[in-house]
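A quick write-up on the structure given underneath.
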Amino acid sequence: MFDWLIVGAGFAGSVLAERIASQRGESVLLIDRRSHIGGNAYDCYDDAGILIHRYGPHIFHTNGQQIVDYLSQFTAWRPYEHRVLAKVDNKLLPIPINLDTINGLYGLDLNSEQLERFFAERREPVDEIKTSEDVVVSTVGRELYEKFFRGYTRKQWGVDPSELNKSVTSRIPTRTNRDDRYFTDTFQAMPLHGYTRMFERMLNHPKIKIMLQTDFREIRDLVPFNRLIFTGPVDEFFGWQFGKLPYRSLRFEHRTVDQEQFQPVAVVNYPQTEDYTRITEYKHLTGQKAARTSLTYEYPTDTGDPYYPVPRAENEALYKRYEALAAARSDVWFVGRLATYRYYNMDQVVGQALSTFRRIQDALPTAAPRQAMSEAAE
Ligand code: FAD
Ligand code: UDP
């Protein structure tokens with residue numbers, strides 16, 4: 001008998017497995033239907049010996065010191081500030097849009113003040129900013145929206161930005177200075193030996209057993225457990241009874257090329273051309289030196305593994321119905337990007353898992369006697 005069954009060995013499931021085992025001394029069976037731990041943050045060495053991310057580039061950044069402190073128990077860090085270029089009008093230009101983007105695009109020599117005016121002359125007033133289109137046209141105007149956002153967003157999400165919640169393009173700021181970092185968080189770094197090694201250290205505890213290539217549906221009635229944490233898609237858990245929640249998927253094409261460097265930065269976005277959204281070159285993230293270099297091309301699709309909840313009003317309404325079912329299940333904790341249908345970054349999922357653990361501590365304070373009982377039954 002396990003005290004806990006945890007479904008999903010990504011950030012949500014692994015943080016909770018670690019906390020429960022180390023702080024409550026309770027036994028955990030952690031399962032995943034994939035053949036590895038780490039969820040979407042999984043990384044591995046490819047045939048060329050380059051550390052790649054199987055599910056696309058994962059850059060760690062956060063303003064949460066508590067989250068850094070927690071993860072630092074399991075990894076050292078390599079400082080890394082992410083920079084992205086967008087191929088627009090056949091030029092490689094910084095995204096988020098900044099002073100160099102505009103000067104480079106239009107052959108201008110504006111300073112920050114002049115750029116403020118440039119945007120002010122072009123932005124379109126929007127009464128209430130609701131959609132991902134509103135966010136951009138009300139900041140930089142329609143032409144830049146068309147060049148940098150509309151095509152990328154349509155490719156990435158399969159819908160027009162006018163049909164997506166403002167939260168999606170709000171992730172990307174607009175700057176009038178020359179800061180070309182993708183993120184401005186106080187902590188930006190990559191796990192020194194990769195994410196998978198960090199997860200291995202997190203889960204290396206005698207109270208944690210791991211079963212891979214195991215779907216919850218296969219074992220839910222076979223393995224005895226007291227409590228459940230579910231980090232997979234919430235609609236799947238409830239048998240899609242209100243219909244499917246849309247999740248956007250990606251097809252990843254991993255390639256190695258015989259050149260030392262392929263592109264000047266880790267990620268180049270393609271908002272105007274190509275079927276893929278972006279190309280990632282991993283050596284920029286890891287600092288690895290090698291004669292060859294490995295890349296990932298991302299092709300968005302509707303079918304395949306669920307990667308992104310799609311932030312639209314109608315999807316949020318459907319999620320609310322599942323959320324009500326989830327809230328009524330006091331024996332199950334739903335955590336993570338798929339189970340709570342939130343477009344969360346890794347640090348947000350770690351934060352959510354740590355706060356779920358605090359809720360578990362409050363709800364189930366008498367860990368020791370229950371643990372003794374379950375051990376007796378084992
Ligand atoms: P997941 O990592 O999805 O883990 C859930 C696990 O549950 C999966 O391994 C799945 O196989 C398993 N599972 C589901 N259902 C079942 C079942 N029935 N039975 C058994 N197992 C099941 N975040 C950042 O902070 N920075 C980035 O740069 C970044 N880049 C990203 C790039 C891409 C392409 C994607 C898709 C995401 C990116 N993210 C990034 C987000 C990050 O991946 C997530 O925040 C984080 O991995 C979510 O962790 P999770 O545990 O909630 O979910
Ligand atoms: N986006 C865009 N053009 C870009 C970069 C981003 O239109 O060059 C939009 C797009 O809708 C994307 C969203 O901004 O999905 C968020 O971008 P982010 O890089 O945060 O996406 P993620 O890394 O989560 O895929």
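As the structure lists them, so they are numbered: ligands from 1, and atoms in each ligand from 1. If you read the sequence from its start, that first residue is 1, and numbering goes on from there. Hydrogens, waters and symmetry mates play no part in the numbers below; they use all other heavy atoms, side chains included.
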Taking distance alone, with no angle check, do [X] and ligand 1 share an N/O pair under 3.5 Å?
X    : answer
A12  : yes
D215 : yes
R217 : no
F216 : yes
R33  : yes
R337 : yes
F230 : no

So [Y] and [X], do their side chains get closer than 4.5 Å, heavy atoms only?
X    : Y    : value
I97  : F119 : yes
R248 : D302 : yes
E218 : R33  : no
C44  : T196 : no

Would you indicate which of [options] comes nearest to [atom] when only heavy atoms are counted?
atom                    : options                : answer
atom 18 (P) of ligand 2 : Y308, Y152, Y182       : Y182
atom 16 (C) of ligand 2 : N345, V268, L164, V168 : V168
atom 47 (O) of ligand 1 : I59, V335, L30, N40    : N40
atom 32 (C) of ligand 1 : S35, S14, P57          : P57

Determine whether any heavy atom of [X] lies closer than 4.0 Å to an atom of ligand 1.
X    : result
A339 : no
Y308 : yes
T214 : yes
E236 : yes

### Query
Can a protein heavy atom be found under 4.0 Å away from atom 18 (N) of ligand 1?
yes
Which protein heavy atom lies closest to [atom], and at what distance to 0.1 Å?
atom                    : answer
atom 5 (C) of ligand 2  : N269 ND2, 3.5 Å
atom 14 (C) of ligand 1 : G232 CA, 3.5 Å
atom 42 (C) of ligand 1 : H58 NE2, 3.6 Å
atom 17 (O) of ligand 2 : I172 CD1, 3.5 Å
atom 15 (O) of ligand 2 : W157 NE1, 2.8 Å
atom 20 (O) of ligand 2 : R171 NE, 2.8 Å
atom 9 (C) of ligand 2  : T153 OG1, 3.9 Å
atom 22 (P) of ligand 2 : Y343 OH, 3.4 Å

Is the distance from the ring center of [X] to that of [Y] below 6.0 Å?
X    : Y    : answer
H36  : Y55  : yes
Y247 : Y341 : yes
Y80  : H82  : yes
F199 : F11  : yes

Pair [X], [Y]: side-chain N/O donor-acceptor within cut-off below 3.5 Å:
X    : Y    : result
S249 : D305 : no
T176 : S112 : no
N63  : T186 : yes
Y106 : E143 : yes
T75  : Y195 : no
Q65  : D69  : yes

For ligand 1, which atoms sit closer than 4.0 Å to a heavy atom of [X]?
X    : result
Y344 : 41 (C), 44 (C), 45 (O)
G8   : 6 (C), 7 (O), 12 (C)
G39  : 2 (O), 4 (O), 9 (O)
L338 : 3 (O)
V7   : 16 (C), 17 (C), 19 (N), 20 (C), 21 (N), 22 (C)
R278 : 32 (C), 34 (C)
R34  : 8 (C), 9 (O), 11 (O)
G336 : 52 (O)

### Query
Which bit of F148 is near ligand 2, meaning a heavy atom under 4.0 Å away: side chain, backbone, both or neither?
backbone
### Message
If you measure every N or O of R150 against every N or O of ligand 2, does any of those distances drop under 3.5 Å?
### Response
no
### Message
Please check whether F149 reaches ligand 2 - meaning an N/O of the residue sits under 3.5 Å from an N/O of the ligand, judged on distance alone.
### Response
yes
### Message
For Q241, is the CD atom crowded, meaning more than 12 foreign heavy atoms sit under 6.0 Å from it?
### Response
yes
Taking non-hydrogen atoms only, is [X] closer than 4.0 angstrom to ligand 1 via side chain, backbone, both or neither?
X    : answer
D32  : both
L250 : side chain
Y55  : backbone

### Summary
One finds that the ligand 2 atoms under 4.0 Å from a non-hydrogen atom of I95 are 8 (O)
### Message
If the cut-off is 4.0 Å to any non-hydrogen atom of Q156, which atoms of ligand 2 fall inside it?
### Response
15 (O)
### Task
May I have the step-by-step check of ring pair (Phe, Tyr, Trp, His ring centres under 6.0 Å) for F357 and Y70, ending in yes or no?
CA-CA 13 Å; F357 180 68; Y70 173 74; 9.4 Å; no
Taking the six-membered ring of [Y], is NZ or CZ of [X] closer than 6.0 Å to its centre and within 45° of its axis?
X    : Y    : answer
R337 : Y308 : yes
R181 : F183 : no
R220 : F237 : yes
R171 : Y343 : yes
R251 : Y299 : yes

### Task
Report yes or no: does a heavy atom of R278 sit under 4.0 Å from some atom of ligand 2?
yes
### Task
Could you check R19, E26, R24 and say which one makes a side chain to side chain contact (heavy atoms under 4.5 Å, CB included) with S22?
R19
